[in-house]
Amino acid sequence: MITERLRGAFSRHFLAVIFGLIIGFIYIAPHIFFVVNPENKYQGVFISRASDEENYLSVIHETYDGNKIANPYLFEYKNNPSNAAYYYFIEYSLGRIGKIFNLTIANLAYLMKFIFPIILFFTIYIFLLTVSKDKGAALLGSVLVLLGNEMVGVRAGDFISTIFWQGSWTEFLAYSRPVNPSISSIFFFLALYCIYRIYNEPEKVRFWILGGALIGFTAYLYFYFWFFPLVLLAVIFVYSVVSKNKLLALAVFLCSLISLIIASPFIFSMLKGLMDTSASVDKEAIQKTFISTHRIILEKIIFAPLLALAVYYFIKLAAKKFMGFAGAQYSVSKKYIFIFLLLLAALISSNQQVLSGMEIQQHHFHFFVSIPIFFIAMAVLVVDLLKKYFPKFKTAAIFIIISIVVIYAVGVQASTYKNWQPTYKYYQRYADVFNWLNKNSEKESVVYANLVMSGMIPMYTKNNVYNAGLAVSYLIPQERLLNNYFVGLFLAGITKDNARASFYQKEQRDKIGIFIFEGQYWRDRCGSYGCFPDAILDGIIEKYLLFLQSPIEQNFKQYRMDYLLWDKNREPEWRVADLKFLEPVYEYQNIVVYKIN
């Protein structure tokens, strides 16, 4: 019976199965090609060029090492999470799977890149098929979400260069990003599916419970995928009150209540983190994610035309139902009302700071909530318009759009691969050094290296690092971040004589904004990473000059450091000769491992 049902589903949705596999292949293809190409001499260091990929995989690797999952970088702050209320259910589960099946972190990453885009594709497909009742719309919307994110706002010249594999892309497709959104999006769209079923069939209690449970659970995965469904429920509740649908209002209320009960530990933890400061973590570390503002974000490029169309439908409905205008015989289907409510919820979510006064890295809403909702709405609207006005060309038009999206997505993947292939070919030599650390260093020992190796060491070894680019994402005192940064400046040859000139250079100033203030804070406030006031920069310069006055050995040993890695090929200017407390213990292709004495 089950086999017959599966065979029937496969037959009815054959194209969806094919496109799901195509999407999985598009995501994994650059990595397969890098591994099998003998020119690269692959040693296990894969092209980890999805957004924040090394951070997620480093967190996952903590499970391999048997550690509590939190900060994967700094020894002194191992138990400090990335924010006051972040949980690591997905990361822990993936780590356990990798450990049980004895997968290297690279092989686990490859499986994730192939499997989860396919699962996400079918989740979106089922959701859209339920909403639209049209396989063409479901197929188009699912492809757009998985492959079309990079097309939003693209310029004509960039579009052409990308389809010829000559684009300037430096990151793979958006849903290559591990965990959030590649896996948490599955729960997000399952929650939206349940919300639609509640909206469409409020008498079915099982969707109240399942929807509430899913929404509550997403709070522990990704704040933005929890907040948006709650806003959507609130919008639907208002609609149910206005339309006098008491059963829908009850269903939405109870679903929301269930979700809030399940999410209550997360909510209390988040509020506690915002209001309290521990002795080991300063206020800036907790609140650097938040910007105090009441600004309005219109998302006009995405939502203006759709909202205009949706408002038009609502005016027609109001004219007929509430005002009794003659000739106003047009009615709006429940499907279009739901799309309007989705768009309205997206607009409200992106503007929650208008009421709260606290903007929370709005770009997460933009890329992983607003754009997918835009694609879903567009897919339904475009296919319905084709079906109504150009029925003979509907299938051809859908496949033309899908073909363009697929060609462009392949171009993004290929361009990213081409732009990084020479660099990661060079990085294969790091594998030998990582193997040496795994065999010869103590577990949890601390390694100082350049930022590239520091991002990789927690992912491939059992070691911590002294500094890492994404260490700023965790709850770490600013004084520690400054010490990390100052050590790097000393090695790079920044002295008291050239410090002020160096710090005031745009590149250096932007680096300070990224590595001390997490980048997005100042960029969102005033437009660039380094747009913070000169007074702040002058204060940091004064601290660096004081740092230089202290004995260098004291500065290096202020926090635990067991080894220093020097890539002479990439950083020939490092002042390693000035560090008399170093003992060389290993060298491979001009990469030297020093032990700290």
Side-chain angles (χ1 to χ4, degrees), residues 19-42 45-57 106 109-114 116-118 120-121 140 142-178 180-182 185 301-302 363 366-368 371-372 374-375 399-428 430 451-452 455-456 469 514 519 570:
F19 273 98
L21 293 173
I22 289 173
I23 284 172
F25 180 73
I26 289 173
Y27 272 83
I28 191 63
H31 304 281
I32 294 175
F33 188 72
F34 185 80
V35 171
V36 301
N37 186 350
E39 175 192 350
N40 296 321
K41 299 179 181 179
Y42 178 72
V45 178
F46 78 102
I47 306 179
S48 49
R49 295 312 305 175
S51 174
D52 296 335
E53 182 164 24
E54 290 178 351
N55 176 62
Y56 280 112
L57 294 176
Y110 296 148
L111 286 174
M112 290 163 59
K113 290 177 186 299
F114 181 70
F116 289 113
I118 294 175
L120 179 57
F121 172 84
L140 176 60
S142 304
V143 170
L144 283 169
V145 172
L146 268 298
L147 302 182
N149 202 291
E150 285 70 20
M151 294 186 72
V152 175
V154 69
R155 297 177 180 178
D158 295 332
F159 180 87
I160 293 171
S161 62
T162 297
I163 64 175
F164 286 104
W165 298 11
Q166 300 296 323
S168 58
W169 297 96
T170 57
E171 290 184 351
F172 292 117
L173 293 168
Y175 288 87
S176 296
R177 191 177 194 250
N180 297 316
S182 64
S185 285
I301 295 177
I302 296 175
H363 58 279
H366 176 75
F367 288 108
F368 302 135
I371 290 178
F374 163 72
F375 281 139
F399 275 96
I400 288 172
I401 296 170
I402 288 176
S403 297
I404 293 171
V405 174
V406 168
I407 290 170
Y408 189 80
V410 170
V412 171
Q413 295 289 83
S415 297
T416 303
Y417 174 87
K418 291 178 69 176
N419 292 333
W420 282 107
Q421 180 271 335
T423 301
Y424 276 83
K425 176 184 175 182
Y426 174 84
Y427 290 164
Q428 297 313 303
Y430 290 166
L451 286 173
V452 171
M456 294 180 179
I514 294 170
R570 292 298 176 96

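Computed from a predicted structure; not experimentally measured.
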Exercise. How many angstroms lie between CD1 in I47 and OH in Y417, if you round to the nearest 0.5 Å?
Worked result: 5.5 Å
For this session: State, to 0.1 Å, how close P178 and S51 come at their nearest heavy-atom pair, and which atoms those are.
Result: CD-O, 4.2 Å
Exercise. Going from CZ on R570 to OG1 on T423, what distance comes out if it is rounded to the nearest 0.5 angstrom?
Worked result: 6.0 Å
For this session: State the OG-NZ distance between S182 and K113, to the nearest 0.5 angstrom.
Result: 8.0 Å
Problem set entry | Pairwise distance CG(L173) to CD(E150) - rounded to 0.5 angstrom | 5.0 Å
Problem set entry | I118 side chain reached by Y27 side chain, heavy atoms, under 4.5 Å | no
Exercise. Is there a side-chain contact between M151 and I404 (heavy atoms, below 4.5 Å)?
Worked result: yes
Problem set entry | Backbone N/O of S168 and side chain of D158: donor-acceptor pair under 3.5 Å | no
For this session: Name the orientation class of the two ring planes belonging to Y408 and W169 (parallel below 30°, tilted from 30 to 60°, perpendicular beyond 60°).
Result: perpendicular
Exercise. Got V452 and Y426 here, is their nearest side-chain heavy-atom distance under 4.5 Å?
Worked result: no
Seminar exercise, completed: When every non-hydrogen atom of P117 is compared with those of L146, the smallest separation belongs to O-CD1, 4.0 Å
For this session: Verify, without hydrogens or angle tests, whether E171 (side chain) and T416 (backbone) share a donor-acceptor contact under 3.5 angstrom.
Result: no
Exercise. Can you list the steps and then say if F25 with I22 is a side-chain contact (heavy atoms from CB on, under 4.5 Å)?
Worked result: CA-CA 5 Å; F25 180 73; I22 289 173; 5.7 Å; no
For this session: Ignoring hydrogens and angles, tell me if any N or O in the side chain of N37 forms a donor-acceptor pair with the backbone of E39 under 3.5 Å.
Result: yes
Exercise. Is it true that atom CZ of F33 has more than 12 heavy atoms of other residues, nucleotides or ligands lying nearer than 6.0 Å?
Worked result: no
For this session: Calculate, to the nearest 0.5 Å, the distance between atoms CD1 and CE belonging to I28 and M112 respectively.
Result: 10.5 Å
Exercise. For E53 and S48, does a side-chain donor sit closer than 3.5 Å to a side-chain acceptor?
Worked result: no
For this session: Measure the acute angle between the ring planes of Y430 and Y427, then classify it against the limits of 30° and 60° as parallel, tilted or perpendicular.
Result: parallel
Exercise. Looking at CZ of F116 and OH of Y175, how far apart are the two atoms once the value is rounded to the nearest 0.5 Å?
Worked result: 15.0 Å
Seminar exercise, completed: Nearest heavy-atom contact between F375 and G148 is CZ-O, 3.3 Å
Seminar exercise, completed: Minimal heavy-atom distance between Q413 and I26, with the atoms involved, is NE2-O, 3.0 Å
Problem set entry | Test side chain to side chain contact (heavy atoms under 4.5 Å, CB included) applied to F367 - qualifying residues, sequence neighbours left out | N149, H363, I371
Exercise. Heavy atoms, side chains only, cut-off 4.5 Å: are Q428 and F34 in contact?
Worked result: yes
For this session: Measure across F121 and S142 and return the closest heavy-atom pair with its distance rounded to 0.1 Å.
Result: CE1-CB, 3.4 Å
For this session: For the residue pair P30 and F172, establish whether any side-chain heavy-atom pair is separated by less than 4.5 Å.
Result: yes
